[in-house]
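Residue numbering restarts at 1 for every chain, and letters A, B, ... go by the order of the sequence lines.
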2 protein chains.
Amino acid sequence: MITRGKLSEQSGCNAETIRYYERIGLLPDPPRSESGYRMYDQEHVSRLRFIQRARELGFSAQRVRDLLNLSDRPKQHTRAEVKDLTEAHIQEISEKIRDLQKLKKRLDAISSHCDGAMESAKDCPILISLFAEH
Amino acid sequence: MITRGKLSEQSGCNAETIRYYERIGLLPDPPRSESGYRMYDQEHVSRLRFIQRARELGFSAQRVRDLLNLSDRPKQHTRAEVKDLTEAHIQEISEKIRDLQKLKKRLDAISSHCDGAMESAKDCPILISLFAEH
DNA sequence: TCTTGACTCTGTACTAACTACAAGGTTTAC
DNA sequence: GTAAACCTTGTAGTTAGTACAGAGTCAAGA
């Protein structure tokens, strides 16, 4: 059994974040010592690692919750459900990439019209294009 | 002179968002009618359009504020400063794209190991990889 | 034994960029 | 006159945490 500080240290997860995960129901309430200190076991460590890996992969807290539910009640769920969640997430990421690429293209185009010579910002083609009607 | 509702309608910007932009200092406090209604003029319309365009291009509110400052005091600023802000922004977007592409690659790799057949989620390679030590 | 420092507890407030709502006042239309 | 449609303000919610204050607890050294 370890305290929150130790769990934070072992996992590299901010101690406040651990409390936050408990609050939003990603980590179950741990048992407490007589004085009220949280006492974590190996189960908590594994679960926190899972949460960290999923978050690193960009899953939202809600998606992580869904994945954990599938994992907690595997008999009522299928691999297809897990795969569906993952595919939906991949889809979202692909869309984000596409949107950002479009954005970058537009910005590159705007930026290329400005040579950045040391003249007044008033005449800057970038600002003009942002202020322009249409 | 138009009211907030009309400005919202004309710009397509949510009326509450206009109040928010005022609160964070992107839009100047407009003059008020006798009864306290905000009265906007053409200047406000242009400025709101600028903000909307910049936000669509993914500039943060702080960046938009910086761009507006350059525009408001063009004599003290140069085109080079505007270009620098834009280039920094393009840089950030490029990094985001790279990060997301890396993420997608990892997720694709994980997902491809799971055929999604109707078996228990317990044995799902995706969940296993998320729970795995290392 | 006392004290000091490090830890933990709780609740609360802050971040970005909005959105939404309640309770009240104003304007417009019929 | 009254009802709808607008406007005002303050406040709370969203995501995914982070930070801090004030109080209690624990372990080690003098």
Counting only heavy atoms and a strict 4.0 angstrom limit, can you tell me which residues of residues 86-99 of chain B come near DNA chain D? none
Determine which pairs satisfy ring pair (Phe, Tyr, Trp, His ring centres under 6.0 Å) with at least one residue from residues 24-43 of chain A, sequence neighbours left out, and list them in order. A/Tyr40-A/His44
Listing request: all ring pair (Phe, Tyr, Trp, His ring centres under 6.0 Å) pairs with a residue in residues 65-112 of chain A, at least two apart in sequence or in separate chains. A/Phe59-A/His89
Under a 4.0 Å heavy-atom criterion, DNA chain D is touched by chain A from D/dA16 to D/dC26
Remember a base hit wins even if backbone is also touched, and classify B/Arg4 as base, sugar-phosphate or nothing at under 4.0 Å, heavy atoms. base
Considering residues at least two apart in sequence or located in another chain, which fulfil the side-chain hydrogen bond (donor to acceptor under 3.5 Å, both in side chains) criterion with [X]?
X	value
A/Asp99	none
A/Glu95	none
B/Asp123	none
B/Asn69	B/Arg73

By side-chain contact (heavy atoms from CB on, under 4.5 Å), A/Ser111 pairs with (sequence neighbours left out) B/Lys83, B/Thr86, B/Glu87, B/Ile90
So if I define the base as every atom that isn't primed, P, OP1 or OP2, how would nucleotides 19-30 of chain C read as a B/S/- string at a heavy-atom cutoff under 4.0 Å? BBB---BBS---
State, with a plain yes or no, whether a side-chain heavy atom of B/Pro31 is found less than 4.5 Å away from one of B/Arg38. no
Considering only heavy atoms from C-beta outward, does the side chain of A/Met39 approach that of A/Ile2 to under 4.5 Å? no
If I take atom [atom1] in residue [X] and atom [atom2] in nucleotide [N], what distance separates them, rounded to the nearest angstrom?
X	N	atom1	atom2	result
B/Gln52	C/dA17	CD	P	15 Å
A/Glu22	C/dC9	CD	C1'	12 Å
A/Ile18	C/dC9	CD1	C1'	14 Å
B/Arg63	C/dA16	CZ	C1'	15 Å
B/Ile51	C/dA17	CD1	C1'	13 Å
B/Tyr21	C/dC18	OH	C1'	8 Å

What do the steps show when you test A/Gln62 against A/Arg65 for side chain to side chain donor-acceptor pair (under 3.5 Å), and what is the final call? CA-CA 5 Å; A/Gln62 182 54 55; A/Arg65 203 191 322 271; 3.3 Å; yes
State whether A/Arg32 places a side-chain N or O below 4.0 Å from either non-bridging phosphate oxygen (OP1 or OP2) of C/dT10. yes
Sequence neighbours excluded, every pair satisfying salt bridge (charged side-chain N to carboxylate O under 4.0 Å, His left out) that has a member inside residues 104-117 of chain A: A/Lys104-A/Asp108, A/Asp115-B/Arg79
Are any side-chain N or O atoms of A/Gln52 and backbone N or O atoms of A/Ser11, one a donor and one an acceptor, separated by less than 3.5 Å? yes
A/Ile51 with A/Ile24, same ILVMFWY side-chain cluster at under 4.5 Å: yes
Angle between the two end axes of the helix from C/dT1-D/dA30 to C/dC30-D/dG1, five base pairs per end, rounded to 10 degrees? 30°
